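Accompanying notes for the structure given below.
So you know, we letter chains A, B, ... as the sequences are listed, proteins then strands, and number each from 1. Here the structure is a predicted model, which means the values were calculated and not measured.
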Number of protein chains: 2
Amino acid sequence: MVSPARKIYLDGPRPDIRVPMREISLTNGSSVVLYDTSGPYTDPAYTPDLSRGLPRLREAWRCAGGGTQLARARRGEITPEMEFVAVREGVTAEFVRDELAAGRAVLPANVNHPESEPMIIGRNFLVKINANIGNSAVSSSIEEEVEKMRWATRWGADTIMDLSTGSRIHETREWILRNSPVPVGTVPIYQALEKVRGRPEALTWEVFRDTVIEQCEQGVDYMTVHAGVRLAYVPLTARRKTGIVSRGGSILAAWCLAHHEENFIYTRFRELCEIFASYDVTFSLGDGLRPGSIHDANDEAQMAELRTLGELTHVAWEYDCQVMVEGPGHVPMNKIKENVDLQMELCSEAPFYTLGPLTTDIAPGYDHITSAIGAAMIGWYGTAMLCYVTPKEHLGLPDRDDVKAGVIAYKIAAHAADLAKGHPGAQAWDDALSDARFEFRWEDQFNLSLDPETARSFHDETLPAAPAKTAHFCSMCGPHFCSMKITQDVRAYAEKNGMAADEALTAGMREKSKEFAERGGRVYLPLADG
Amino acid sequence: MVSPARKIYLDGPRPDIRVPMREISLTNGSSVVLYDTSGPYTDPAYTPDLSRGLPRLREAWRCAGGGTQLARARRGEITPEMEFVAVREGVTAEFVRDELAAGRAVLPANVNHPESEPMIIGRNFLVKINANIGNSAVSSSIEEEVEKMRWATRWGADTIMDLSTGSRIHETREWILRNSPVPVGTVPIYQALEKVRGRPEALTWEVFRDTVIEQCEQGVDYMTVHAGVRLAYVPLTARRKTGIVSRGGSILAAWCLAHHEENFIYTRFRELCEIFASYDVTFSLGDGLRPGSIHDANDEAQMAELRTLGELTHVAWEYDCQVMVEGPGHVPMNKIKENVDLQMELCSEAPFYTLGPLTTDIAPGYDHITSAIGAAMIGWYGTAMLCYVTPKEHLGLPDRDDVKAGVIAYKIAAHAADLAKGHPGAQAWDDALSDARFEFRWEDQFNLSLDPETARSFHDETLPAAPAKTAHFCSMCGPHFCSMKITQDVRAYAEKNGMAADEALTAGMREKSKEFAERGGRVYLPLADG
């Protein structure tokens, strides 16, 4: 059977802007076009060669005048990246530019990562998701990580973060960057720590700065820096249940205490801004003091750091640096909104980028679910990008299956948030699938789902026969009876009797039932012929 | 290794009230006691014999005076079932009685189901979950269904519903009832439909009534009746995307249209109340017109039926019948709260029992997740019981693995709701697990989790060696570095330097960081020695 999913390209305002989409052809002749993060790999016309890397799409767009996407937006300029994103999101390029200029959105695009397809992160656009990959001292290879990146973007990851530790960090990142169609983020302090053989107290501004420059040169699009972990806030974590759970946060806390000095990323922040601005690397201001348990949610340490991140957001903006702000963590549902509201206020609407949050601590092995609950809610409340959590969270490094499980759970959360926010167009996808479901177009229902293979295989477990794919019943009710079939009969009957078609009669029946309620709706009273 | 999970019994106020709990012994000498729905099967002293059924725990409690739990609560009586539930929930028996008397909670306990362990459903108690099982014309056997019931309760299902269709419905239900330690619910119209060979128009009040009496005699604890599907509301569904997706709802809609008469369950509702009252069967007023897609959420048909369910709640209360009201369905996050608020108002706080809701339609194969999001939220807003959804929803009948996946996802949703509601004691579980996590007590972390086997196996995939279970690192960071370990160093350091211990100094440092902010927190200004 020919695949109903097809890679297509929407034309931009100029010939070199072709925006990738996934078109699903339906059996009723119509089709649905979906946002596509999978890159050239899903284009049959493209032959992958990991050693050569992806086409350098954005190379020709380099701006002689220089300046970050934010600087250029502030100048009123519309860049090719903005044009690309406008087509991708179905909005005007002016709207993209204005959201970027206001700092309400970021377009992570390191000048040295021309392979990436432009995308935008901001609460007035589709909610995005990030997938973390990366090897550690105890597991995984470069090949595996590159494959995880391709796998994650195939299922819908909008960005990926390479959190590699241990050896070969530089090489691993190089392979990922050259082959990644989405922006790549990192946490440079991890590599800096490796350079001082894992001893936080041995870190220096110079080692950190040089590591940042090394990564800027390679093309990392955004970097998490824990500039808000200030010496004065560390004692606020001492009585927590789970202390400091952010690796970057704990590294810097350890350094601050070892030297009894202020965090060097905080004191040298303006120098960092100059470096980031020269490559257009986007800041992801890390929440090194995020809560690691329900008990520690929204505590003083977390909020003190958030206030500092707000201060640093404005400093970064002085340098035309693009800024996202990271958020928790582990937060019970009743404390989630407070996080978004405070972040918007303190960080002047810079995009919020949250991990989960996990809404309970009791389900290790299922934290893609405990956190998808919090992620969907926080996305609805205004978070621009959701960092996925896999079933292996707290237990181990995600393998290929875990990466898929995490991405799917987060695509669900992000889309549920788009629906709740009333994002124009978000519901068309749900409507198309619901129509297919109601009309028993099984193949269309499978092909429109986030994971067609899984949907099809689950159906086939009970009704494998091909005819069943068109049968007007499903295994829940069996052939003798099906609610959907009855509903179709009801609709036919209603229409035959003009009950639905004839608004007047429909209104008349409503009138009757209203009278009814007025007469106290006594249950023994039979309804007069309506 | 001896299992750290042990079945224990809490003593009630009288010798024949022994309330089952699950005690988890921790390696640090402490223990955590958790609510346990698994019944005698997890008691090593009990030898199961499915052909004989479970011990008839409640037989001795039969009340000569008769009357439902609601009638007796209204009389100010405290029944053994209320005593049992009070111990189980950690509240006073008077509180249980008063919540029942107010109709804010139900205690489903058919006098003919003495095998069930008393439990309560109400928003001022722990949020409960229901697992649907049952065979259909195209799949599954009685043995499988009984095993699914035991499996579902082992993982935490508070009630189960037998939704069997096709042949041998009576026999399947008999085996489930005699062996179920939790209340059992049904949808009697399903069996009534089988009796008229699947032809809705052939249904009569008499066939339905006799089926209800047959099930009351067997011991069904609560029944879903779609009394709110009124003739006048049917046309309101004709323009929906997915029409009527409730099987019971569509059966009755078909009957109403075929005869062009009012729903006989609505017109004969008072007779039904007399029958339910005589066995203390709890009403679950079905939402036959619930939305089957995001598009149809909170529409006129749904709300018209809800108003009728409110009317019927008061009718049932006249007869001392216990009442729950069922809710949707498919609802985007932004429309969930409205459902709860309206239900509480229109149904005078009768417990709300919702299916999901699913927060998007695009993920068949993952609807345990799309719905866990909505379930957690609606539970927080005040829903008393959540009807699980398995990964097979819309695709097929759940097998054993699907049942477990659905139950775990819903235990997560229910517990997240308990946390958000600030239920006393809910957080102790999270705190115990977080302490174990922070202190690297891996075995305790596994044993305290909702699914210890899965948590342990995920950990072992990357760090199988037994020593790793006590190692002060995990596979995420590797042996050279671990944020939790560093946090412990930070804490030790902080305490050594009196930073955390010495409130005065801590305050002093806060003061300093405050001054800082006041001085504009210029980033070049180094912090004076604090």
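Atom NE2 in A:His394 sits 3.5 Å away from atom NE2 in A:His330 (nearest 0.5 Å).
Contact of A:Pro391 with chain B is made through backbone and side chain together, with heavy-atom distances under 4.5 Å.
Remark: A:Ala426 engages A:His415, A:Asp418, A:Leu419, A:His423 in a side-chain contact (heavy atoms from CB on, under 4.5 Å) (not counting sequence neighbours). Scored by the side chain to side chain donor-acceptor pair (under 3.5 Å) test, B:Asn334 finds no partners at all (sequence neighbours excluded).
For the options B:Gly365, B:Ala376, B:Ala372, B:Pro364, heavy-atom pairs under 4.5 Å to chain A are most numerous at B:Pro364. Of the listed residues B:Ile408, B:Leu450, B:Asp430, the one with more heavy-atom pairs under 4.5 angstrom with chain A than any other is B:Asp430. Per-residue counts of heavy-atom pairs under 4.5 Å with chain A were compared for B:His368, B:His295, B:Lys335, B:Arg199; the largest is that of B:His295. When A:Asp361, A:Ile362, A:Leu433 are compared by the number of non-hydrogen pairs under 4.5 Å with chain B, A:Ile362 comes out ahead. When each of B:Asp431, B:Thr359, B:Ile336 is checked for heavy-atom pairs under 4.5 Å with chain A, B:Asp431 comes out on top. With chain B as partner, the option from A:Pro332, A:Ala227, A:Ser457, A:Ala455 having the largest number of non-hydrogen pairs under 4.5 angstrom is A:Ala455.
A cation-pi contact, defined as under 6.0 Å to the ring centre and within 45° of the axis, links A:Arg230 to A:Tyr266.
Taking each heavy atom of B:Ile251 and B:Tyr190 in turn, the nearest pair found is CD1-CD2, 4.4 Å. The two atoms that bring B:Ile369 and A:Ala409 nearest to each other are CD1-CB, 4.4 Å, heavy atoms only.
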